[in-house]
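What follows is a set of notes on a single structure, which appears directly below.
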Amino acid sequence: MILAFDTSGEHCTAALFAGDGALIARADERIGRGHAERLVPMLAELIGDRRPESIAVGVGPGSFTGLRVAIAAAHGLAIGWNAPLTGFSSIALAAAAVPSETDPIAVALVGGHGQLFVQQFDGRTLAPLDAIASLVPEAAAAAVRARRVAGSGAALLIAARGFGEAVEVAPAAADLFRLPRALRALDPRPVYVRAPDAKAKAA
């Protein structure tokens, strides 16, 4: 079995899969904050008395705190279960929540400091069409040409651009196997895109 979970944004989402990728169970909650308190109980409820053989965790981009919560939990479970651990793209997971179409799909996530994390994907394969960027809404509007935009920052981008469709979706770990293999075989380390707010003290 494969356990997948992500807490990079306001959602806490987890899923349990059979070895062939078939979905066994899922849990999805929009909690805003409090991932550290909710994640472990959610996983315990989802897993029950089963023991996953491998773990996949969302590595961002997203909330610094949310990323640390999920990735720390994933590393701890991987050690405790002696299970292999991989990362997957949290921004691509939001794209996976959009029904498959031939037109490109963009994702815009609120990234703090008035910026948006943005990336565009092929609507059918979800292969990335560009690199992840952290931009103010006006710059994101100029960079993103896909008409459909999903994610927590979609409405901001559409408002700044003046055209297109903001798609209301919630990222779900249950969509893990919609991602291309390359986007679900990442190093289990945070993808921050922009520098953390905290600065190390000078020696």
TODO: Taking all non-hydrogen atoms of both residues into account, name the closest pair between L43 and A14 and its distance.
DONE: CD2-CB, 3.7 Å

Open item on the list: Within the 4.5 Å heavy-atom criterion, are P188 and T86 side-chain neighbours or not?
Closed with: no

TODO: Take atom CZ of R189 as the centre, draw a 6.0 Å sphere, and report whether it contains more than 12 heavy atoms from other residues, nucleotides or ligands.
DONE: no

Open item on the list: Using every non-hydrogen atom in the two residues, find where L157 and A140 come nearest and quote the distance to one decimal.
Closed with: CD1-CB, 3.8 Å

Open item on the list: Donor-acceptor check, side chain of S134 to backbone of F117, threshold 3.5 angstrom: yes or no?
Closed with: no

Task: Contact check, side chains of L179 and F88, non-hydrogen atoms, under 4.5 Å - done: yes

TODO: Check whether any side-chain heavy atom of H11 sits under 4.5 Å from a side-chain heavy atom of E29, and report yes or no.
DONE: no

Task: Co-membership, hydrophobic cluster, residues L109 and V169, 4.5 Å side-chain - done: yes

Task: Backbone N/O of V144 and side chain of Q120: donor-acceptor pair under 3.5 Å - done: no

Task: From CD (E10) to OG (S63), nearest 0.5 Å - done: 11.0 Å

Open item on the list: Is any side-chain heavy atom of H75 closer than 4.5 Å to one of L85?
Closed with: yes

TODO: Provide the closest heavy-atom pair for T7 versus G66 in the form atom of the first, atom of the second, distance.
DONE: OG1-O, 2.6 Å

TODO: Say whether I132 and I71 are linked into one hydrophobic cluster, either directly or through other cluster members, by side-chain heavy-atom distances under 4.5 angstrom.
DONE: yes

- [ ] Measure the spacing between CG of D130 and CZ of F121 and express it to the nearest 0.5 Å.
- [x] 8.0 Å

Open item on the list: I'd like to know if the side chain of D122 and the backbone of R124 have a donor-acceptor N/O pair within less than 3.5 Å.
Closed with: yes

Task: G19 to I2 - nearest heavy-atom pair and separation - done: O-CD1, 4.3 Å

Open item on the list: Has R26 got a side-chain atom pairing as donor or acceptor with A15's backbone, closer than 3.5 angstrom?
Closed with: no

Task: Separation of F163 CZ from R145 CZ (nearest 0.5 Å) - done: 4.0 Å

TODO: List the steps and the verdict of side-chain contact (heavy atoms from CB on, under 4.5 Å) for F5 and T13.
DONE: CA-CA 6 Å; F5 54 93; T13 178; over 6 Å; no

Task: Value rounded to 0.5 Å, distance of CZ in R161 from CD1 in I158 - done: 4.0 Å

Open item on the list: With a 4.5 Å cut-off on side-chain heavy-atom distances among I, L, V, M, F, W and Y, is there a chain of contacts connecting L129 to L93?
Closed with: no

Task: S152 side chain vs V110 backbone, donor-acceptor pair below 3.5 Å - done: yes

Task: Atom of A150, atom of A94 and distance for their closest heavy-atom approach - done: CB-O, 4.5 Å

Task: Candidate pair L135 and V118, rule side-chain contact (heavy atoms from CB on, under 4.5 Å), full reasoning - done: CA-CA 8 Å; L135 304 168; V118 293; 4.1 Å; yes

TODO: Ignoring hydrogens and angles, tell me if any N or O in the side chain of D6 forms a donor-acceptor pair with the backbone of S90 under 3.5 Å.
DONE: no

TODO: Could you grab the distance from atom CG of L67 to atom OG of S8, nearest 0.5 Å is fine?
DONE: 6.0 Å

Open item on the list: Within a 6.0 Å radius of atom CG on N82, are there more than 12 heavy atoms belonging to other residues, nucleotides or ligands?
Closed with: no

Task: R38/E45 ion pair, N-O < 4.0 Å - done: yes

Open item on the list: So, taking the atom named CE in M42 and the one named CD1 in I47, what distance separates them when rounded to the nearest 0.5 Å?
Closed with: 11.5 Å

TODO: Find out whether V136 and L116 are in side-chain contact, i.e. whether some heavy atom of one side chain is under 4.5 Å from a heavy atom of the other.
DONE: no

TODO: Compare all side-chain heavy atoms of L23 with those of F177 and state whether any distance is below 4.5 angstrom.
DONE: no

- [ ] Find out whether L183 and P128 are in side-chain contact, i.e. whether some heavy atom of one side chain is under 4.5 Å from a heavy atom of the other.
- [x] yes

- [ ] Tell me, with the steps shown, if V107 and Q119 meet side-chain contact (heavy atoms from CB on, under 4.5 Å).
- [x] CA-CA 6 Å; V107 176; Q119 190 172 24; 5.6 Å; no

TODO: Please report the shortest heavy-atom distance between L16 and P52, naming the atom on each side.
DONE: CD1-CG, 4.0 Å

Task: Expected output: side-chain R148 to main-chain D103 donor-acceptor under 3.5 Å - done: yes

Task: Check: L46 and L3 side chains under 4.5 Å, non-hydrogen atoms - done: yes

